[in-house]
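Here is how names work: the chains are called A, B, and so on, in the same order as the sequence lines, proteins then strands, and each is numbered from 1.
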Number of protein chains: 2
Amino acid sequence: MSSKGDSCTECFKKSQCLAEKILLSGKSYLGGEIINNIIYRPGDYIYRQGEVCKHLFVIKTGAVKSQIGSIDGIDQIIGFHFSTEVLGFDGLDCNKYVSSVIVLENSIVCAFPRQLVEMFCAVSPDFQRDLIARLSREITHEHQFLMLINKNTAEQRVALFLLDLSIRLGGREVVKIDIILCMSRADIANYLGLVPETISRILSRFELKGVIAVRKKKLKIINMKMLNEYSHRHCCYEIA
Amino acid sequence: MSSKGDSCTECFKKSQCLAEKILLSGKSYLGGEIINNIIYRPGDYIYRQGEVCKHLFVIKTGAVKSQIGSIDGIDQIIGFHFSTEVLGFDGLDCNKYVSSVIVLENSIVCAFPRQLVEMFCAVSPDFQRDLIARLSREITHEHQFLMLINKNTAEQRVALFLLDLSIRLGGREVVKIDIILCMSRADIANYLGLVPETISRILSRFELKGVIAVRKKKLKIINMKMLNEYSHRHCCYEIA
DNA sequence: CGCTACTTTGATAGGACTCAAGGGCTGTGG
DNA sequence: CCACAGCCCTTGAGTCCTATCAAAGTAGCG
């Protein structure tokens with residue numbers, strides 16, 4: 001846990017509004033201090049399901065997965081998160097995190113005391129509106145994902161997953177053609193509601209058809225148009 | 001649209017905090033007025049996907065479904081909602097609702113101007129915290145549902161669906177053994193990521209085994225214990 | 001009473017899982 | 001430096017669950 005930098009301003013601009021505004025007015029407040037540049041290694045937990053929610057986290061660089069463990073011992077991965085994303089919203093309800101966040105590759109993270117965030121909400125209507133919008137967006141995202149799972153074949157899910165990844169890792173670029181799969185096949189499978197074998201088979205099939213090239217964790221999208229087609233439902237009728 | 005009553009206090013107590021506090025301080029504010037006791041009939045829309053989000057809604061009595069239409073014309077039902085529940089959170093991000101809400105049975109609904117809600121947030125930290133908790137809970141709920149869909153068989157999904165309904169419709173009672181299925185088999189199927197035929201088959205099977213009795217829209221849970229068992233994953237190994 | 005929409009039931013087919021075996025990379029230790 | 005274990009990934013064969021297709025039954029409604 002080092003707390004040195006001030007590249008924060010840069011980082012927070014990317015993660016927009018939420019952190020930026022806190023930061024712009026200094027660093028130390030009632031309710032705790034912002035902890036900058038915490039370094040995590042693959043396998044580390046940022047927080048665990050059931051822990052008291054004391055912070056929200058912003059990923060500066062890196063990649064993590066969030067997952068929920070059920071009573072019958074089966075975990076469900078509910079998302080992968082990359083730079084600029086905010087973690088910990090799920091702890092705002094009952095004061096306890098309802099998911100765990102596990103680091104996938106070396107990552108740098110900043111922690112914002114929860115009380116600080118809430119204090120800022122009370123002070124700044126803009127900030128408050130912003131936080132609410134973020135939460136609302138999260139809900140919308142879950143709904144989108146639900147549709148993905150509920151109405152698509154394995155092939156479509158994998159295609160959509162790759163497209164989503166390429167956009168989110170692309171950052172400023174429109175799309176990122178080269179992707180490093182920081183998560184295992186088993187993680188992808190778990191996330192998409194499939195088994196690892198199916199992921200493997202579908203990636204192989206995509207490669208065979210010339211849609212992608214994949215070797216271990218490196219993946220390159222060769223034919224974006226085809227990948228897009230694989231991600232769509234094959235309707236036999238025209239749609240309004 | 002009638003605006004007569006004052007049984008509101010009662011209703012809002014049930015839906016807790018959110019509306020109650022607004023109401024307790026009178027009825028008219030900057031930003032618009034609360035509209036009480038709007039009456040809807042089956043098939044009516046409370047709001048439509050894409051509409052500007054001007055209100056949050058509280059269901060006083062009745063039942064509704066919320067759904068999202070995708071570009072390829074296929075709708076996905078994302079939830080069923082009953083008395084005391086709040087609708088419209090998904091409109092808080094982009095100012096437009098991203099789902100539609102359709103009424104399933106005669107319902108009475110109250111509408112709260114969005115600006116009013118936001119104003120109240122700014123004034124009352126408690127209220128704000130409450131709204132954020134509600135949103136956070138919504139996210140958690142989506143995660144739970146995702147697990148249901150992602151990791152369970154059709155039989156388990158239906159069993160879990162019935163258990164959920166019995167609890168939510170039960171209100172103060174621990175469980176409600178008699179359930180009126182206000183939604184069609186097709187709606188249930190859509191929600192659970194299945195086809196209507198499968199729902200029908202599974203309900204028949206449950207009836208055959210003496211778990212439930214079902215005739216059209218009336219459903220009675222005969223053997224709660226068995227239904228619970230059907231809802232669990234059948235592990236072949238013991239779990240920690 | 002007949003129309004329509006919804007539901008039920010049956011037969012069939014296909015997609016994804018399960019089980020099983022083999023291959024490749026990584027790290028450790030001799 | 002090489003051998004080996006462990007983990008992850010890949011590939012194949014077979015099975016099961018659920019969707020699909022088809023048809024008949026039922027209820028609601030004008």
Side-chain angles (χ1 to χ4, degrees), chain A residues 41-43 65 74 76-77 102 104-105 148-162 179-209 212-219 230 233-237, chain B residues 41-43 65 74-77 102 104-106 148-161 180-209 212-219 230 233-237:
Chain A
R41 306 267 166 225
K65 63 176 174 181
I74 297 175
Q76 164 74 53
I77 295 177
I102 301 170
L104 293 170
E105 61 180 35
L148 190 159
I149 294 300
N150 232 346
K151 297 269 180 283
N152 291 299
T153 64
E155 204 169 66
Q156 290 164 347
R157 293 184 213 182
V158 175
L160 285 163
F161 175 74
L162 293 179
I179 298 174
I180 304 287
L181 297 172
C182 52
M183 67 296 281
S184 69
R185 305 285 192 269
D187 281 345
I188 300 174
N190 181 307
Y191 179 59
L192 296 177
L194 302 167
V195 292
E197 292 96 321
T198 303
I199 303 296
S200 188
R201 265 184 256 273
I202 288 173
L203 288 181
S204 300
R205 201 185 309 160
F206 281 170
E207 184 158 37
L208 197 71
K209 304 252 183 176
I212 60 172
V214 57
R215 231 188 63 219
K216 284 277 139 199
K217 302 211 158 300
K218 293 189 175 190
L219 188 146
Y230 274 112
R233 214 178 320 288
H234 310 301
C235 293
C236 20
Y237 53 89
Chain B
R41 306 267 166 223
K65 63 177 174 181
I74 297 174
D75 289 330
Q76 164 73 53
I77 294 177
I102 301 171
L104 293 170
E105 61 179 36
N106 291 336
L148 189 159
I149 294 300
N150 232 347
K151 296 269 180 285
N152 291 297
T153 65
E155 204 168 66
Q156 290 163 347
R157 292 184 213 183
V158 175
L160 285 163
F161 175 73
I180 303 289
L181 296 172
C182 52
M183 66 295 281
S184 70
R185 305 285 193 269
D187 281 345
I188 300 173
N190 181 307
Y191 178 58
L192 296 177
L194 302 166
V195 291
E197 291 96 321
T198 302
I199 304 295
S200 188
R201 265 185 257 273
I202 289 173
L203 288 181
S204 299
R205 200 185 310 160
F206 280 170
E207 185 157 35
L208 196 71
K209 304 252 184 176
I212 60 171
V214 57
R215 232 188 62 220
K216 283 278 141 196
K217 301 210 157 300
K218 292 190 175 187
L219 188 148
Y230 274 112
R233 214 177 321 286
H234 310 302
C235 294
C236 22
Y237 53 89

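The two residues B:Tyr191 and A:Asn150 make their nearest non-hydrogen contact at O-ND2, 3.2 Å. A:Met183 and A:Lys217 make their closest contact through O-NZ, 3.5 Å (heavy atoms, listed as atom of the first residue, atom of the second, distance). Of all heavy-atom pairs between B:Leu194 and B:Arg157, the closest is CD2-NH1, 3.9 Å.
If you measure from atom CG of B:Leu203 to atom P of C:dT9, you get 10 Å, rounded to the nearest angstrom. Taking atom CG of A:Asn150 as the reference point, atom P of C:dA16 lies 14 Å away to the nearest angstrom. The CG-C1' distance, from B:Leu181 to C:dC6, rounds to 14 Å in whole Å. Atom CZ of A:Arg185 is separated from atom P of C:dG24 by 15 Å (rounded to the nearest Å).
For C:dA5, the OP1/OP2 oxygens have no side-chain nitrogen or oxygen of B:Ser184 closer than 4.0 Å.
Comparing B:Thr198 and A:Leu194, the nucleotide of DNA chain C nearest to each residue sits closer to the 5' end for B:Thr198. Residues A:Lys217 and A:Arg201 both approach DNA chain D. Their nearest nucleotides, taken by heavy-atom distance, put A:Lys217 toward the 5′ side. Between B:Lys216 and A:Lys216, it is B:Lys216 whose nearest contact on DNA chain C lies nearer the 5' terminus.
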Contacts under 3.5 angstrom, residues 197-208 of chain A side chains, donor-acceptor by atom type, not counting sequence neighbours:
{"residue": "A:Ser204", "atom": "OG", "partner": "A:Ser200", "partner atom": "O", "Å": "2.9"}
{"residue": "A:Arg205", "atom": "NH1", "partner": "A:Glu155", "partner atom": "OE2", "Å": "2.6"}
{"residue": "A:Glu207", "atom": "OE2", "partner": "A:Val214", "partner atom": "N", "Å": "3.0"}

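For B:Glu155 against D:dC17, no side-chain N or O and base N or O form a donor-acceptor pair under 3.5 Å.
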